[in-house]
Amino acid sequence: MQKDTTTSSSTPPTNTGRIRHRKRSNEVIPEDGKANGGKLLVNDKSKYKSMLIRAYSSVWMIGSFVLIIYMGHLYITAMIVVIQIFMARELFNLLRRAHEDKQLPGFRLLNWHFFFTAMLFVYGRILSQRLVNTVNSDKVLYRLVSSLIKYHMVVCYSLYITGFIWFILTLKKKMYKYQFGQYAWTHMILIVVFGQSSFTVPSIFEGIFWFLLPATLIVINDIAAYFFGFFFGRTPLIKLSPKKTWEGFIGASVTTIISAFMLANIMGRSQWLTCPRKDLSTGWLDCDPGLLFTPESYSLLGWTPHWFPWKEISILPVQWHALCLGLFASIIAPFGGFFASGFKRAFKIKDFGDSIPGHGGLTDRMDCQMVMAVFAYIYHQSFVVPQSLSVEMILDQILMNLSFDEQEALYRRLGEMLQQGIQRMT
Amino acid sequence: MRDSSADNSCSSPRTPNLRQRRRSNEIPPEILKSNGTILLVNDKFKYKSMWIRAYSSLWMLAFVSLIIYMGHLYIWAMIVVIQIFMASELFNLLRRANQDKRLPKFKLLNWHFFFTAMLYVYGRILSQHLVNTVTSEKIFYRLVSNLIKYQMVICYFLYIAGFVWFILSLKKRYYKYQFGQYAWTHMILIVVFTQSAFTVANIFQGIFWFLFPALLIAMNDVAAYFFGFFFGKTPLIKLSPKKTWEGFIGASVATMIAAFTFANFLGRFQWLTCPRKDLSTGWLECDPDPIFKPEYIPMPEFISHWIPEKEIAVLPVQWHALWLGLFASIIAPFGGFFASGFKRAFKIKDFGDSIPGHGGFTDRMDCQMVMAVFVYIYHQSFVVQHDYSIDVLLDQIMRDLGFEEQLALYTKLGQILQERQLMHI
């Protein structure tokens, strides 16, 4: 009925090509789930033990995460790159079949070639402006970096075409279907992995707040759903994930929205978290907080009874944005988890990997984060930036970032565009 | 042995069963498998199939010429129509009728993602052009500006709606099929929309940058066909047994020469070389870009003996055209090999049968797609004079500031620059 699987994290994961022999993680195995319809966490006797193991690794993850945040933007980007490499490796290994792979030497290398190309493309685009700002002082390096950026697209394209041709030249009779399947799988993995990171990294450089708050909300939502389900879970939520319950879902939503409101207040007061980073330096940051992070005081006189000690509360405008982020994190982001669960069921795998004891692999942890990261960036670009953008800010950017010649070129081009606009209106 | 299946009817109902596709006028696969290499030189039916191909090629050529004459907007419309057909062919390709009956509305999901992708891609490329078109009316202008500002959010929510819909429609025992279809949909949309995004961007930079590469690919195809027809002996690659080294090399040379001369011819038309900044359809006039202005180089001595002219007029674009021709003859055919390998892997004869003698739309567009992407990247990197920082800031100004604010910025910047000039003097 309930097997007492107490494997610890000491054995290194052996990635055999076979999918079904993955190391058992400390969860209830699916056969019982199928037989019993809804195996809820409330009824699980060994749940306390599994909870402790999960808590232990969670604490470690949070601890290292906090340390990286303290160290700064560049290190967070490095951490994301490392996470990506591990995720890609887990996913590349997932649908490989050892039998076919022996007959196709060098095919794995192709996967990593495309990975490297994607990394060059994505991070080149994101970090190019900041790289230029970092080397602004040195003339030779500046010209080198500028020409690298100018030809960045050509370089990435050539690398991709090389991989494409390599793939076609290695097509082997009778393995066509397997190879095309692997090619498509590689593309999908890279899109998923790099798509979300190409939204995460710009968020970081806009201000660690816009990376930290969404990530924290997802973690809170996860933990709150776990505990609400642990204590109150009765009604199953969705057939895909039999251990999730409506009580857990609703309790977590309320908790997430409330904590979004409060966390935004706490995080918004730290300059380290709210200032954007314009270059790739690692030192301390100082900046003007901007409208969003300047507290506004609201009077509470009409709302609360006389004995209430605080007569007014100060709310940062960003807290209203945080409510939207919290809403998304509790309602939509879990669908990332459902997608991953459905995927695992479709291909009959238990976890994506086993790097993290009690949690499965890295992809298992990142599935909701990815959906959230994309939303956070799009929300930021659409609703936060235009509010705080003004003529003065753009003027500052122009005067700071461009050389005199470039400023005059921009002035001329802007004049042309505006003239065309005026001509059309009259 | 060889069936003379010479029916040319364009529209026959297509059953989803992959092996019963209407036979196109080529050698049936059994012969190919038994005999390894069937070269075009040895094919007795080649003349008949050549005439059918030539006939539909002429029709396609005429149609495309008409659209080019009509202008940028109509070319864009033609590309959208081609995309819809390609996507339709590819969506149908790996569906299985049995599973599909149990999953109603799954086809609709594909088209939902298609619509979202279309909105996203064309919204990004044509947003500035749209703004320039509607600047005359105040209400429209504000509506369009808002749409552009929130374009990413709208597309994202449409995608998330499709994502959630997909998850809620997952049915037990069909998980693997549904996930496979979901991945397949994404791959199709990426392939179809990436190349069309670049194609449309090319068009609005100047029809030349769309027409010229397309002509080169067509030229390469036709030249390879004829060189193989008359001289083909050595097979080129196992994936496409009818292609030969003689065809390949002959076509490469022909394409490079054609590239050099076509560029000169096409570069003289303002209709083809001027960029279009809005979505109007009228006549176009502009100051030609420096690469379309003829430079006179002195005639090399061995030619000047026979021809009276002392110099030839060379448009600088012709040197760029040589690179495009090189790519079209060497790399672009790999798009065709990819499609051939794909068809072999999944045991299908053609992607569709819309075009007699040629197969489906995807069969015609496979090399074009690889070329379109290259042309855009080449154009952006080597032809256009770019300034990355200025572009980023201008983009931000155009996107996020209203018209009055842009004017205010312009005035202030002008004042600052003037003060600086006075200080330096």
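Proteins get letters first, then strands, A, B, ... in listed order; numbering begins at 1 in each.
Per-residue counts of heavy-atom pairs under 4.5 Å with chain B were compared for A/K177, A/K173, A/Q179; the largest is that of A/K177. Put simply, of B/I416, B/I331, B/V373, B/I237, the one with the most heavy-atom pairs under 4.5 Å next to chain A is B/V373. Note: B/G341 leads B/G335, B/S340, B/G341 in heavy-atom pairs under 4.5 Å with chain A.
The CD1 atom of B/I190 lies 3.0 Å from the CD1 atom of A/I191; values are rounded to the nearest 0.5 Å. Going from atom CE of A/M188 over to atom CH2 of B/W184 covers 12.0 Å, rounded to the nearest 0.5 Å. Separating the CE atom in B/M152 from the CD atom in A/Q381 is a distance of 8.0 Å, to the nearest 0.5 Å. The line from CZ of B/F374 to CD1 of A/I161 is 9.0 Å long, rounded to the nearest 0.5 Å. For the atom pair CZ (B/R173) and CZ (A/R345), the distance works out to 13.5 Å, reported to the nearest 0.5 Å. Atom CG of B/L409 sits about 10.0 Å away from atom OH of A/Y411, to the nearest 0.5 Å.
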Subject >> Worked check of side chain to side chain contact (heavy atoms under 4.5 Å, CB included) between A/F383 and B/V153 >> reply: CA-CA 9 Å; A/F383 297 112; B/V153 189; 4.1 Å; yes
**OP:** Show the numbers, then the answer: is there a ring pair (Phe, Tyr, Trp, His ring centres under 6.0 Å) between A/Y151 and B/F382?
**Re:** CA-CA 9 Å; A/Y151 299 116; B/F382 298 109; 5.5 Å; yes
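Using a 4.5 Å cut-off between heavy atoms, A/I168 contacts chain B through both its backbone and its side chain. Residue contact with chain B, scored on non-hydrogen atoms closer than 4.5 Å, involves the backbone and the side chain of A/E408 alike. The contact between B/L417 and chain A is made entirely by side chain atoms (from C-beta outward), counting heavy-atom distances below 4.5 Å. For A/L171, the part lying near chain B is the side chain, with the backbone staying farther off; criterion is any non-hydrogen pair under 4.5 Å. Interface remark: A/L414 contributes backbone and side-chain atoms alike to the contact with chain B (heavy atom separation under 4.5 Å). For A/F180, the part sitting under 4.5 Å from any heavy atom of chain B is the side chain, from C-beta outward, and nothing else.
Remark: A/F375 pairs with A/F328, A/Y379 by the ring pair (Phe, Tyr, Trp, His ring centres under 6.0 Å) rule, at least two apart or across chains.
Remark: aromatic rings of B/F346 and A/Y176 are distant, center separation not under 6.0 Å.
Ring orientation note: the planes of B/F338 and A/F167 are tilted relative to one another, at an angle of 30° to 60°.
Contact between A/A346 and B/Y175 at its shortest, heavy atoms only, is CB-CB, 3.4 Å.
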List the atom pairs, donor and acceptor, that lie under 3.5 Å between side-chain atoms in residues 158-168 of chain B and the rest of the protein, sequence neighbours left out.
residue, atom, partner, partner atom, Å
B/Y159, OH, B/Y182, OH, 3.1
B/Y159, OH, B/H186, NE2, 2.8

